[in-house]
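Throughout, a chain's letter reflects where its sequence line sits, starting with A, and its residues are numbered from 1. Given the structure is predicted, the values throughout are model-derived calculations rather than measurements.
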Protein chains: 2
Amino acid sequence: MNQEEILERLDKKGIKPTANRVLVYRALTESSRPQSLSGLEDALVTMDKSSIFRVLTLFLEHDVVHGFEDGRGVLHYELCGSDGECNMADSHLHFYCESCHESYCLEDIHLPHIDLPQGFTSHSVSFVIKGECPRCRASHR
Amino acid sequence: MNQEEILERLDKKGIKPTANRVLVYRALTESSRPQSLSGLEDALVTMDKSSIFRVLTLFLEHDVVHGFEDGRGVLHYELCGSDGECNMADSHLHFYCESCHESYCLEDIHLPHIDLPQGFTSHSVSFVIKGECPRCRASHR
DNA sequence: CTTTTTCTTGCAACCGGGTTGCAATCTACC
DNA sequence: GGTAGATTGCAACCCGGTTGCAAGAAAAAG
């Protein structure tokens with residue numbers, strides 16, 4: 001994704017494209033997997049942790065990215081594919097590798113529908129499978 | 001559950017029943033819902049946080065309790081029902097109330113089976129629905 | 001083009017859950 | 001009772017996340 005496309009995407013989501021915001025967006029596009037705050041800190045040495053955090057918070061509010069927990073309490077951020085309104089309902093499963101600490105989107109597996117007992121209201125769903133990814137499995141065998 | 005039963009349960013799991021361990025166990029039985037470390041700190045003012053933590057860690061290792069994350073990165077502990085070997089496979093869903101920060105066991109809803117893509121190995125599953133519990137829903141309406 | 005206002009950023013400090021080193025205490029066994 | 005090992009409390013630390021603040025950059029007003 002080139003500079004033009006990034007600027008356009010941020011504009012569509014209603015975000016003023018500062019240099020840092022473009023940097024964070026680019027770092028996310030350049031990674032094939034979702035990134036955590038600390039992963040982005042390593043990738044963006046010019047930026048302060050708090051600045052990255054604030055950009056990510058802004059991105060979350062504007063549905064530029066989605067966040068999910070990796071099952072240890074660490075938030076991972078993935079770019080939202082859609083251009084306009086984003087439909088969280090048909091969201092997919094994530095896998096967290098306990099060996100390399102990377103997370104994976106399992107796009108093909110979408111979240112099962114759950115009927116909650118009477119009185120419970122759902123705001124969001126956290127569903128992550130933890131284990132070992134193919135890469136790590138291969139490397140230490 | 002009385003003192004006798006607690007001692008017996010700990011013994012069956014291979015844990016020497018010190019006073020503190022019994023205290024933690026009792027606190028867990030007396031709560032109808034899973035507890036977090038900080039919840040137990042409030043309930044057990046005589047014990048130090050680190051002691052509670054070490055007891056819980058021991059309990060986890062001996063399958064006296066199970067832990068799950070509430071979707072904010074905080075671990076909640078629930079007593080394991082079984083006396084002997086505990087079968088994590090038929091584990092159930094949890095609900096976390098974002099309003100009162102309590103978690104609920106939805107015993108009736110067990111985790112769906114997921115077929116992972118080739119090469120991925122699952123060690124554990126983290127599946128929590130976040131939202132508002134009946135109690136909170138009722139209280140602010 | 002300068003001034004004013006607003007937004008954005010880096011720094012440092014803080015927060016809370018979790019974790020550890022260590023010395024003091026307790027327990028079990030001789 | 002005396003000693004070895006287990007258990008505990010305290011203080012300190014770790015790490016991800018978060019905030020207050022003052023400096024710097026950008027946009028709006030004059």
For A/Lys16, is there any backbone N or O sitting under 3.5 Å from a side-chain donor or acceptor partner on A/Arg21?
yes

Tell me the interatomic distance from A/Tyr96, atom OH, to D/dG16, atom P, rounded to whole angstroms.
10 Å

Taking atom types as modelled and ignoring hydrogens, do the side chains of A/Asp48 and A/Ser50 form a donor-acceptor contact shorter than 3.5 angstrom?
yes

Taking only Lys NZ, Arg NE, NH1 and NH2, and the carboxylate oxygens of Asp or Glu, determine whether B/Glu5 and B/Arg9 approach each other closer than 4.0 Å.
no

Flag yes if more than 12 heavy atoms outside A/Glu4 fall under 6.0 Å of its CD atom; otherwise flag no.
no

Round to a whole Å and report the spacing from NE2 of A/His101 to P of D/dC15.
12 Å

In the 5'-to-3' direction, what one-character label does each nucleotide of nucleotides 8-17 of chain C receive under the scheme B = base within less than 4.0 Å of a protein heavy atom, S = sugar-phosphate only, - = no such atom?
SBBB-----S

Round to a whole Å and report the spacing from CD of A/Glu61 to C1' of D/dT18.
14 Å

State, to 0.1 Å, how close A/Glu132 and A/Cys97 come at their nearest heavy-atom pair, and which atoms those are.
CA-SG, 4.0 Å

From CG of B/Leu44 across to P of D/dT7 the rounded distance in Å is 18 Å

Given atom OH of B/Tyr77 and atom C1' of C/dG18, what is their separation to the nearest angstrom?
8 Å

Pairs where residues 111-134 of chain A contributes a residue and the test ring pair (Phe, Tyr, Trp, His ring centres under 6.0 Å) is met, not counting sequence neighbours:
A/Phe120-B/Phe95, A/Phe120-B/Tyr104, A/Phe127-B/Phe127

